[in-house]
Colleague: 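Got a structure for you, questions after.
Proteins come first, then strands; the chains are lettered A, B, ... in the order of their sequence lines, and each starts at number 1.
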Protein chains: 2
Amino acid sequence: MALTMSGTSLDFPSRLRAAGLRPTRQRVALARLLFAGNHRHVTAEGLHAEVKASRMPVSLATVYNTLNQFRDAGLLCEVVVAPGRSYFDTNTGHHHHFFVEPDGELHDFPSDKVTIAGLPVPPKGTRLARVDVIVRVRR
Amino acid sequence: MALTMSGTSLDFPSRLRAAGLRPTRQRVALARLLFAGNHRHVTAEGLHAEVKASRMPVSLATVYNTLNQFRDAGLLCEVVVAPGRSYFDTNTGHHHHFFVEPDGELHDFPSDKVTIAGLPVPPKGTRLARVDVIVRVRR
DNA sequence: TGCAGTTTTTAGAATTATTCTAAACTCCTT
DNA sequence: AAGGAGTTTAGAATAATTCTAAAAACTGCA
């Protein structure tokens with residue numbers, strides 16, 4: 001019987017394979033950091049610092065590659081809130097963000113309760129991809 | 001009698017002074033490019049290319065400085081839509097954005113018609129600064 | 001107008017975030 | 001176990017932006 005939590009398994013090799021990615025040691029190590037617990041927001045540098053502290057360090061280039069691959073595979077979504085810094089969010093469901101300036105903290109909030117009415121139709125020849133709502137707050 | 005258009009004057013030195021900025025030649029040149037016609041979205045590189053083609057070229061460092069000063073003075077607002085690239089918008093009123101991927105085109109739409117309901121309250125100790133809505137569309 | 005004093009501009013170096021390169025390594029299949 | 005494709009890596013390269021410190025320009029005042 002597989003060990004599970006809230007619908008997603010901790011068998012990272014299988015999850016990676018299911019996403020079309022080879023379960024290498026470094027990808028599994030990063031997946032564990034990202035997906036073993038609650039939803040997270042990370043930057044490449046931040047995740048690199050974390051994994052560097054572990055017994056299975058991973059190069060910064062690989063952290064970047066892996067975050068991009070995870071995003072392309074739909075395991076993460078990229079959030080752009082501040083110039084010159086990308087956040088990756090393990091929550092890939094519909095939701096929006098609080099961004100606390102100037103610290104750069106990012107928090108999710110579910111989109112269930114939020115209704116956006118009156119959006120204009122997409123320009124001709126384009127289709128809607130996503131609607132991001134960023135609530136910027138200051139201390 | 002001053003030459004005016006739609007409520008804002010073309011007397012850029014005065015407008016800069018009113019915003020607390022010395023009307024230097026380069027600031028006036030950039031203000032003219034930015035504010036003489038319709039609302040615009042520019043990047044530092046793009047504006048630099050434009051002004052370089054004029055009879056009063058301005059260094060890239062000054063373009064960056066000036067865009068930041070104009071933003072701090074409330075003459076522009078900065079829009080962050082894609083990782084590693086800042087857009088500056090001459091429309092400082094309430095409005096939101098279409099972002100066309102993958103070209104990186106940015107279009108305004110007014111926020112009058114848009115209603116956002118059900119936003120959660122800001123985390124304790126913070127006050128609302130702004131709500132950005134980015135409608136991402138693809139060709 | 002001429003001058004001092006402060007603010008700006010500038011070219012180029014520095015910084016930061018990210019991607020690229022090509023050689024070494026690992027995973028998977030056989 | 002071996003071969004080949006896919007990965008990882010350190011370090012170089014790139015891209016966007018900021019910094020530095022010397023030169024130039026704006027401003028107020030004589």
Side-chain angles (χ1 to χ4, degrees), chain A residues 11-31 33 41-52 54-73 75-76 78-88 102 104 106, chain B residues 11-31 33 41-52 54-73 75-76 78-88 102 104 106:
Chain A
D11 177 0
F12 295 111
S14 301
R15 281 173 74 181
L16 291 174
R17 243 179 249 111
L21 295 166
R22 273 203 204 175
T24 64
R25 273 188 259 149
Q26 18 289 60
R27 296 213 267 236
V28 171
L30 293 173
L33 286 175
H41 295 111
V42 301
T43 61
E45 289 285 351
L47 187 59
H48 181 237
E50 267 184 72
V51 81
K52 200 155 51 165
S54 78
R55 222 171 289 75
M56 163 81 233
V58 173
S59 78
L60 181 57
T62 297
V63 172
Y64 273 103
N65 289 339
T66 303
L67 286 173
N68 288 333
Q69 291 153 357
F70 283 11
R71 178 206 49 217
D72 293 346
L75 268 34
L76 291 175
E78 189 168 7
V79 189
V80 185
V81 280
R85 178 169 240 94
S86 263
Y87 289 78
F88 289 88
L106 191 60
Chain B
D11 177 1
F12 296 110
S14 302
R15 281 173 74 183
L16 290 174
R17 243 179 250 110
L21 296 166
R22 278 202 202 176
T24 64
R25 274 188 259 151
Q26 19 287 67
R27 296 215 267 235
V28 172
L30 294 173
L33 286 175
H41 294 110
V42 301
T43 61
E45 290 285 352
L47 187 60
H48 181 238
E50 268 185 71
V51 81
K52 199 156 53 165
S54 79
R55 221 170 292 75
M56 164 82 233
V58 174
S59 78
L60 182 57
T62 298
V63 173
Y64 273 103
N65 289 339
T66 303
L67 286 172
N68 288 332
Q69 291 152 357
F70 283 10
R71 177 206 50 215
D72 293 346
L75 268 34
L76 290 175
E78 189 169 7
V79 189
V80 185
V81 279
R85 178 169 241 94
S86 263
Y87 288 78
F88 289 87
L106 192 60

Colleague: Start with the C-alpha distance between A:Thr62 and A:His48, add both sets of side-chain angles, then the distance that settles side chain to side chain contact (heavy atoms under 4.5 Å, CB included), and finish with yes or no.
Modeller: CA-CA 9 Å; A:Thr62 297; A:His48 181 237; over 6 Å; no
Colleague: For B:Pro13 versus B:Pro23, what's the shortest heavy-atom pair and its separation?
Modeller: CA-CB, 3.6 Å
Colleague: Output every pair passing side chain to side chain donor-acceptor pair (under 3.5 Å) with a member in residues 18-27 of chain B, not counting sequence neighbours, ordered by first then second residue.
Modeller: B:Arg27-B:Gln69
Colleague: Check whether any side-chain heavy atom of A:Phe70 sits under 4.5 Å from a side-chain heavy atom of A:Leu16, and report yes or no.
Modeller: yes
Colleague: Atom CG in A:Leu21, atom OG1 in A:Thr66: separation rounded to 0.5 Å?
Modeller: 8.5 Å
Colleague: Please report, rounded to the nearest Å, how far the P atom of C:dT7 is from the CG atom of B:Asp72.
Modeller: 17 Å
Colleague: Separation of A:Arg17 atom CZ from C:dT29 atom C1', in whole Å?
Modeller: 13 Å
Colleague: Set out, in order, the CA-CA distance, both residues' side-chain angles and the distance that settles side chain to side chain contact (heavy atoms under 4.5 Å, CB included) for A:Asn68 and A:Phe88, then state yes or no.
Modeller: CA-CA 9 Å; A:Asn68 288 333; A:Phe88 289 88; 3.9 Å; yes
Colleague: So B:Pro83, base contact, sugar-phosphate only, or nothing? Heavy-atom distance under 4.0 Å.
Modeller: nothing
Colleague: On a heavy-atom basis, which atom in A:His41 and which in A:Leu106 lie closest, and how many Å separate them?
Modeller: ND1-O, 3.3 Å
Colleague: Under 4.0 Å from OP1 or OP2 of C:dT18: is there any side-chain N or O of A:Tyr64 that close?
Modeller: yes
Colleague: Write down the distance between NE2 (A:His48) and P (C:dT19), rounded to a whole number of angstrom.
Modeller: 15 Å
Colleague: Please compare B:Glu45 and B:Pro23 by the position of their nearest nucleotide in DNA chain D and report the one closer to 5'.
Modeller: B:Glu45
Colleague: Write down the distance between NZ (B:Lys52) and P (C:dT9), rounded to a whole number of angstrom.
Modeller: 18 Å
Colleague: What are the atom names and distances for every N/O pair under 3.5 Å that joins the protein to nucleotides 5-9 of chain D?
Modeller:
| from | atom 1 | to | atom 2 | distance (Å) |
| --- | --- | --- | --- | --- |
| D:dG6 | O4' | A:Arg22 | NH2 | 2.9 |
| D:dT7 | OP1 | A:Arg27 | NH2 | 2.7 |
| D:dT7 | O5' | A:Arg27 | NH2 | 3.0 |
| D:dT8 | OP1 | A:Thr24 | OG1 | 2.5 |
| D:dT8 | O3' | A:Gln26 | NE2 | 2.6 |
| D:dT9 | OP2 | A:Ser59 | N | 2.9 |
| D:dT9 | OP2 | A:Ser59 | OG | 3.3 |
| D:dT9 | OP2 | A:Thr62 | OG1 | 2.8 |

Colleague: For A:Thr43, report the nucleic acid contact type (base, sugar-phosphate, nothing); a contact means any heavy atom under 4.0 Å.
Modeller: nothing
Colleague: Report yes if some heavy atom in the side chain of A:Leu30 is under 4.5 Å from a heavy atom in the side chain of A:Phe12; otherwise report no.
Modeller: no
Colleague: Once rounded to the nearest 0.5 Å, what's the spacing between atom CG of B:Leu67 and atom OG of B:Ser86?
Modeller: 9.5 Å
Colleague: What is the separation between atom CZ on B:Phe12 and atom P on D:dC26, rounded to the nearest whole Å?
Modeller: 18 Å
Colleague: Nearest-Å distance, CG (B:Leu16) to P (C:dT8)?
Modeller: 11 Å
Colleague: Measure from CD on A:Glu78 to C1' on C:dT19 and round the result to the nearest Å.
Modeller: 13 Å
Colleague: If the helix axis at each end comes from five base pairs, how far does the helix from C:dT1-D:dA30 to C:dT30-D:dA1 deviate from straight, to 10°?
Modeller: 20°
